[in-house]
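Sharing a structure here in structure tokens format.
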Amino acid sequence: MEKSSAQTRRMVQLAILIALEAVLTFTSLGFIMIPPISITLLHIPVIIGAILMGPSAGGILGLAFGLFSMLKASTAAASPADMAFSPFLSGSPLSSVVMCILPRVLLGVIAGGLYLLLSRKVKGDAVSMGVSAVAATFLHSMMVLGLLSLLFQALPLKDVIAALIGVNCLLEMLAAAVVTAAVCVPLKKALVRR
């Protein structure tokens, strides 16, 4: 009975985070617009789920993130770069699917795995959570931009590198670290008490 209850709780937690991901993806709530910069918050529920529930849950949440981003690009592409994320608009369906799914799944797996590793080695849960969020966000950005450059030749390599160290990526890493630690530390304590 206890195992069934834990599985149900885990499924409900995943469903809530997937629903949050959908709301952030399909509304303006998932983006902070400060022209000319657009900071996305879409990666944060994936990281939170990965830290609280482990790498496999992070992978599931990353898959949802990838599918939602593919759907949004297919129905509301705002730029030629957005069209690369749609298997229907890009002219290279397999490349679009790989670019949408692979980095997002790995985002969750990396965040969860890194947190598990760091939480054993580093004193202070907030530090482990923040470092995991920053590293996973950076690697996710690097994978997406790298695949955009490699699969679609949409960006020259020097532009990819400039974008990775640019303001946008730094702000997304900062947002991930702050929000993840602020949400995960009290949630983890509450979940442990149960």
message = When you compare the side chain of Leu41 with that of Val179, does any pair of heavy atoms fall below 4.5 Å?
response =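 Val179 vs Leu41: side chains apart.
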CA sep, side-chain torsions, deciding dist, call: Met129, Val185, side chain to side chain contact (heavy atoms under 4.5 Å, CB included) = CA-CA 8 Å; Met129 291 171 180; Val185 169; 3.6 Å; yes
remark   = Taking every heavy atom of Ile101 against every heavy atom of Gly66, the minimum-distance pair comes out as CD1-C, 3.8 Å
task = Rounded to the nearest 0.5 Å, what's the gap from OG1 on Thr75 to CG on Leu89? Could you check?
result = 9.0 Å
key: Option among Leu52, Asp125, Val131 that satisfies the side chain to side chain contact (heavy atoms under 4.5 Å, CB included) test with Tyr115   = Asp125
key: Other residues, nucleotides, ligands: >12 heavy atoms within 6.0 Å of Phe26 CZ   = yes
ask   = Can you name the one residue among Val46, Ile110, Leu63, Leu61 that meets side chain to side chain contact (heavy atoms under 4.5 Å, CB included) with Val105?
value =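 Testing Val105 for a side chain to side chain contact (heavy atoms under 4.5 Å, CB included) against Val46, Ile110, Leu63, Leu61 leaves exactly one candidate, Leu63.
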request  = Check Ser141 against Glu172 and note the closest heavy-atom contact, atom names and distance.
outcome  =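 Shortest heavy-atom contact: OG-OE1, 4.1 Å.
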inquiry  = Between Leu116 and Ile51, is there shared hydrophobic-cluster membership here, with clusters defined by ILVMFWY side-chain heavy atoms closer than 4.5 Å?
reply    =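 They do not share one cluster, since no chain of ILVMFWY contacts under 4.5 Å joins Leu116 to Ile51.
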ask   = Is there a side chain to side chain contact (heavy atoms under 4.5 Å, CB included) between Ser132 and Leu118 once you walk through the steps?
value = CA-CA 8 Å; Ser132 299; Leu118 289 175; 3.7 Å; yes
key: Check: Leu139 and Leu107 side chains under 4.5 Å, non-hydrogen atoms   =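 Contact flag for Leu107/Leu139 side chains = no.
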query = side chain to side chain contact (heavy atoms under 4.5 Å, CB included) between Leu29 and Val23: does it pass, once the steps are laid out?
reply = CA-CA 7 Å; Leu29 296 175; Val23 168; 4.0 Å; yes
Distance-minimising heavy-atom pair for Ala57 and Gly49 = CB-O, 4.3 Å
In one Ile/Leu/Val/Met/Phe/Trp/Tyr side-chain cluster, 4.5 Å: Ile16, Phe68 =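 No, Ile16 does not connect to Phe68 through the hydrophobic network.
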request  = Tell me whether Val97 is reachable from Val144 by hopping between hydrophobic residues (I, L, V, M, F, W, Y) whose side-chain heavy atoms are closer than 4.5 Å.
outcome  =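 No, no single cluster joins them.
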inquiry  = Could you measure the distance from the NZ atom of Lys188 to the CD1 atom of Ile48? Nearest 0.5 Å is fine.
reply    =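 Between atom NZ of Lys188 and atom CD1 of Ile48 there are 14.0 Å.
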query = Phe31, Ile47: one ILVMFWY side-chain cluster at the under-4.5 Å cut-off?
reply = yes
ask   = Do you know the tightest heavy-atom contact between Met99 and Ala84?
value = CE-O, 3.5 Å
query = When the ring planes of Phe65 and His140 are compared, do they come out parallel, tilted or perpendicular, using 30° and 60° as the limits?
reply =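 The arrangement is tilted - the two ring planes meet at 30° to 60°.
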key: CZ on Phe138 to CG on Leu170, rounded to 0.5 Å   =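 That separation rounds to 9.0 Å.
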ask   = How long is the gap from CD on Glu21 to CG on Leu14, to the nearest 0.5 Å?
value =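 CG of Leu14 is found 12.0 Å from CD of Glu21.
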query = Can you name the nearest heavy-atom pair linking Gly130 to Ala177, along with the distance?
reply = O-CB, 3.9 Å
ask   = Backbone N or O of Leu145 within a donor-acceptor pair of the Ser149 side chain at under 3.5 Å?
value =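 Such a contact is absent between Ser149 side chain and Leu145 backbone.
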request  = Nearest 0.5 Å please: distance from the CD1 atom of Ile44 over to the CG atom of Leu17.
outcome  = 12.0 Å
ask   = Could you give the distance from NZ (Lys121) to OG (Ser128), rounded to the nearest 0.5 Å?
value = 11.5 Å
task = Indicate the atoms forming the closest heavy-atom contact of Ser69 with Thr25, along with that distance.
result =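 Here Ser69 and Thr25 meet closest at N-CG2, 4.4 Å.
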query = Is Met70 reachable from Leu42 through a run of hydrophobic residues whose side-chain heavy atoms are each under 4.5 Å from the next?
reply =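 Not linked; separate clusters.
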Passing candidate, side chain to side chain contact (heavy atoms under 4.5 Å, CB included) with Leu147, options Cys100, Pro103, Ser96 =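 Among the candidates, only Pro103 passes.
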Note, Ser92 side chain near Leu151 side chain (heavy atom, < 4.5 Å) = no
